[in-house]
Amino acid sequence: MPATIYDVAKKAGVSIATVSRVINNSDTVSERTRQQVEQAIKELNYAPNVIASALTKKSTLTLGLLIPDVSNPFFSELARGVEDASNDFGFNTIMCNTDYSIEKEATYIGLLKQKSIDGFIISTAYCDDVNITNLLKEDIPLVLLGRDIENADGYPLDVVGSDNIKGGYIATRHLIELGHKKIACLLGPEEIKVNRERKAGYIKALKEASLKVCEDIIFHGEFKFESGYNKTFEIFNGSIKPTAVFAANDLTALGVIRALKALGLSVPNDVSVVGYDNTILAEIAEPPLTTVNQEMRKMGYLATELIIKRIRGEREAGEKVICNTDLIVRKSTAYRFD
Ligand code: RIB
């Protein structure tokens with residue numbers, strides 16, 4: 001028969017209330033008592049009954065993680081950080097893929113609410129996202145991860161992201177320093193805020209170098225390999241032939257490289273390409289991809305820590321955490337002398 005909380009209390013020589021306080025990480029327990037209880041839990045292989053706990057404390061120790069698509073390694077890395085923190089804090093995570101659909105986002109939020117999860121970590125938000133503002137109105141703990149919205153209706157909101165303006169800027173400045181003057185920019189959907197910011201960084205670098213901002217070579221795609229591939233034909237069939245492409249994520253950049261090969265153009269000799277994220281794909285690409293690094297696992301971990309502290313009542317909402325971005329130079333970019 002599985003061990004109960006009574007067995008743990010008896011073995012550790014403490015009350016049931018003390019065992020419960022240890023399980024819930026209360027700081028009213030002495031270090032010595034905590035160790036005794038943890039030892040008893042270990043020896044008896046005791047697993048707290050989550051459902052019973054939910055009924056008494058209205059907590060399921062469960063978080064909902066919404067991402068657009070786990071097959072993009074950017075989101076696998078974020079999810080790994082979330083999982084690591086959940087595990088460290090005694091929580092579980094349910095992950096849902098929304099396929100960039102606002103309707104699917106709403107459906108999953110509804111399903112997770114039915115499961116009485118304690119809070120949401122959301123990496124799917126669009127600039128104007130009614131699903132997010134509804135959650136804020138209902139005062140359900142949530143943190144946006146790698147995404148932000150334009151208007152939170154005055155509600156305090158937790159956000160963990162990175163400096164996308166800097167990211168777009170350092171990617172473009174790198175290409176300018178290599179001598180490129182005609183730099184195309186291939187972004188994801190315009191309704192996702194990071195794209196507006198990465199574009200702002202791209203424009204900032206061009207203006208700083210007194211280069212013309214040409215809307216004809218700024219494109220919006222879907223943050224996917226296929227989109228990078230297809231848009232490259234559109235870009236290079238236009239009247240301006242860029243010598244470099246700044247792609248707003250690694251998947252898009254890989255699509256660009258594949259299409260350039262199909263067009264008989266060599267990377268980096270004919271066209272330089274910079275990606276964004278620094279996923280594992282950037283390292284194994286051919287040629288290895290110069291890209292903007294995001295601290296993905298750290299972002300996932302920090303977002304989870306924030307929400308758990310909020311759920312436990314240890315902090316109020318309203319924090320913005322911006323993680324670092326830097327440029328990783330590999331072999332997909334080269335000097336241009338014309
Ligand atoms: O939605 C996909 C993209 O959004 C990622 O690749 C990453 O760049 C994120 O900001």
Side-chain angles (χ1 to χ4, degrees), residues 65-82 95-102 104-105 108 121-127 129 131-132 143-150 159-172 185-202 219-229 231 245-257 273-285 289-300 302-303 320-328:
L65 169 64
L66 265 59
I67 54 174
D69 185 3
V70 75
S71 68
N72 176 348
F74 171 79
F75 293 112
S76 331
E77 287 291 326
L78 282 190
R80 184 58 214 245
V82 169
M95 184 180 77
C96 306
N97 286 275
T98 66
D99 291 319
Y100 293 91
S101 150
I102 198 101
K104 245 179 158 176
E105 183 183 80
Y108 276 130
I121 301 172
I122 301 187
S123 294
T124 51
Y126 285 89
C127 285
D129 194 320
N131 299 325
I132 307 297
V143 56
L144 296 183
L145 171 58
R147 290 286 186 266
D148 202 353
I149 55 176
E150 293 282 2
V159 179
V160 176
S162 60
D163 190 340
N164 290 290
I165 298 181
K166 178 185 169 194
Y169 173 79
I170 55 178
T172 313
C185 181
L186 184 37
L187 300 152
E190 199 175 358
E191 306 76 31
I192 296 178
K193 197 172 172 190
V194 298
N195 287 302
R196 298 182 184 182
E197 294 169 339
R198 290 173 197 175
K199 181 179 175 184
Y202 159 83
F219 285 73
H220 283 278
E222 284 173 32
F223 265 149
K224 293 180 179 164
F225 176 87
E226 301 74 26
S227 157
Y229 184 82
K231 289 281 171 192
V245 180
F246 163 46
N249 78 341
D250 288 351
L251 279 175
T252 304
L254 294 194
V256 171
I257 291 175
V273 179
V274 180
Y276 205 106
D277 291 341
N278 194 27
T279 57
I280 183 75
L281 296 176
E283 261 183 271
I284 58 182
L289 186 65
T290 296
T291 188
V292 178
N293 180 54
Q294 298 204 73
E295 299 180 300
M296 299 167 280
R297 285 201 189 196
K298 182 175 171 188
M299 288 160 66
L302 289 176
K320 212 163 216 179
V321 181
I322 302 295
C323 293
N324 194 32
T325 46
D326 49 3
L327 188 73
I328 308 293

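Since the structure is predicted, the reported quantities are computational estimates derived from the model, not experimental observations. Just so you know, ligand 1 is whichever comes first in the structure, and atom 1 is the first atom listed for that ligand. All residue numbers in this chain count up from 1 along the given sequence.
Atoms of ligand 1 lying under 4.0 Å from at least one heavy atom of Phe75, given by number and element, are 1 (O), 2 (C). Short contacts between ligand 1 and Gln294, defined as distances under 4.0 Å to a heavy atom of the residue, involve ligand atoms 7 (C), 8 (O). Below 4.0 Å from some heavy atom of Asn249 lie the following atoms of ligand 1, by number and element: 6 (O), 8 (O). Close contacts between ligand 1 and Val194 involve ligand atoms 10 (O) [criterion: under 4.0 Å to a heavy atom]. Taking a cut-off of under 4.0 Å to the non-hydrogen atoms of Tyr100, the atoms of ligand 1 that pass are 1 (O), 2 (C).
The backbone N or O of Ile328 lies less than 3.5 Å from no partner atom in the side chain of Asn293, so there is not a single donor-acceptor pair. Remark: side-chain polar atoms of Thr291 are paired, donor with acceptor, to backbone N or O of Tyr276 under 3.5 angstrom. Arg147 places no side-chain N or O within 3.5 Å of a backbone atom of Lys193 that could act as its donor or acceptor partner. Here the side chain of Asn249 pairs a donor or acceptor atom with the backbone of Phe223 at under 3.5 angstrom. Of the possible donor and acceptor atoms, one in the side chain of Glu295 sits under 3.5 Å from a partner among the backbone N and O of Asn324. Judged by distance alone, the side chain of Asn164 and the main-chain N or O of Arg198 form no donor-acceptor pair under 3.5 Å.
Of the heavy atoms in Met299, none comes closer than 4.0 Å to ligand 1. Contacts with ligand 1 closer than 4.0 Å are made by side-chain heavy atoms of Asn72 only, the backbone lying farther away.
Within the 4.0 Å heavy-atom shell around ligand 1 one does not find Glu77.
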Let me see the working for Lys320 and Asp148 under salt bridge (Lys or Arg N to Asp or Glu O under 4.0 Å), right down to the final yes or no. CA-CA 10 Å; Lys320 212 163 216 179; Asp148 202 353; 2.8 Å; yes
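In this structure, atom 10 (O) of ligand 1 lies nearest to the protein heavy atom Arg198 NH2, 2.8 Å. If you check which protein heavy atom lies closest to atom 8 (O) of ligand 1, you get Asp277 OD1, 2.6 Å. Residue, atom and distance of the protein heavy atom nearest to atom 1 (O) of ligand 1 are Arg147 NH2, 2.5 Å.
The two atoms that bring Val82 and Ile121 nearest to each other are CG1-CD1, 3.8 Å, heavy atoms only.
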